[in-house]
Amino acid sequence: MPERPTLADFFRRRLALDPFTTRHMMQSARKARQQGADDKVVLACLLHDISVAGLLRSQHGHWGAQLVGPYVDEEVAWAIRQHEILRYFPDESVGYGYPEAYSDFFGAEYQPPAHTRAAYLEARRHRWYMSARMVTINDLYTFDPDVHVEFEEFEDVVGRHFRQPAEGLGFDSSPVAHMWRTMIWPNNFL
């Protein structure tokens, strides 16, 4: 990694170590852009699984929102956090049904835990509900191995809406700098 790593550096050098997830995020962002989503939704789609590719899978919406929170608009971070919750709940008014794959993963009778159901009800009433819902809509099944997307396609959106610290991600004394440094040096035990 360079001395002052940017978001683009992380996409190209660290997140690329998980090409499946990185390709998925960029396909999701492209799909959102093609459907006319605003920049905030496109950026949220681009970053929605950043924790999966860079840190960990469990509670990935929450971790991802924390990771990018200091650098993006509050609505973007909120949408990233809530997409994890909303994906379990259909919203037929916008054409989002319960993902078929979830029935395979969890079983036909699966019910999300109580804390997830409570978070869904809260998110449903929130003013930014549709931003998070748009992430789930553009997230669903964008896993095509034959679709190639480069980070450069989103540099304009990132340039306008991601506050890149001059010191580099991980070195700006933000409350999440340690998370970025963990991605830079994942095996540094001291």
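- Transitive grouping of hydrophobic side chains (ILVMFWY, heavy atoms separated by less than 4.5 Å) keeps F20 and L47 in distinct clusters.
- The aromatic rings of H48 and H83 lie perpendicular to each other, with more than 60° between the two planes, well past the 30° mark.
- Residues F89 and R117 are in side-chain contact: their nearest non-hydrogen atoms beyond the backbone lie under 4.5 Å apart.
- A donor and an acceptor atom, one from each side chain of T136 and D139, are nowhere located under 3.5 Å apart.
- With a 4.5 Å cut-off on side-chain heavy atoms, L43 and D73 do not count as touching.
- Partners of R81 according to the side chain to side chain donor-acceptor pair (under 3.5 Å) rule, which considers only residues two or more places apart in sequence or in another chain, are H62.
- Sorted by first then second residue, the side chain to side chain donor-acceptor pair (under 3.5 Å) pairs that include residues 155-170, not counting sequence neighbours, are R12-E155, R33-D156, D39-R160, D39-H161.
- Side-chain atoms of Y71 never come within 3.5 Å of backbone atoms of P165 as a donor-acceptor pair (strictly under, hydrogens ignored).
- Here the closest heavy-atom approach between residue M25 and residue I50 is recorded as SD-N, 3.3 Å.
- Side chains of L56 and S51 form a contact here, defined as non-hydrogen atoms less than 4.5 Å apart.
- Ring centroid separation for the pair Y102 and Y110 does not come in under the 6.0 Å cut-off.
- With contacts defined as side-chain heavy-atom distances shorter than 4.5 Å, the pair F171/P5 qualifies.
- Atom CD of Q35 has more than 12 neighbouring heavy atoms from other residues, nucleotides or ligands inside a 6.0 Å radius.
- For E92, the CD atom sits in a packed shell: over 12 heavy atoms of surrounding residues, nucleotides or ligands are nearer than 6.0 Å.
- Ring orientation note: the planes of W78 and H126 are close to parallel, at an angle under 30° on the 30°/60° scale.
- Closest of all the heavy-atom pairs between Q82 and A132 is CB-CB, 3.7 Å.
- A heavy-atom distance below 4.5 Å is found between the side chains of M1 and R14.
- With contacts defined as side-chain heavy-atom distances shorter than 4.5 Å, the pair M134/M130 qualifies.
- Partners of Y98 by side chain to side chain donor-acceptor pair (under 3.5 Å), not counting sequence neighbours: none found.
- In this structure, the side chains of R30 and Q27 stay at 4.5 Å or more apart for every pair of heavy atoms.
- Side-chain contact check for V52 versus W63: every heavy-atom pair is 4.5 Å or farther apart.
- At a threshold of 4.5 Å between side-chain heavy atoms, the hydrophobic network of Ile, Leu, Val, Met, Phe, Trp and Tyr places L67 and V135 in two separate groups.
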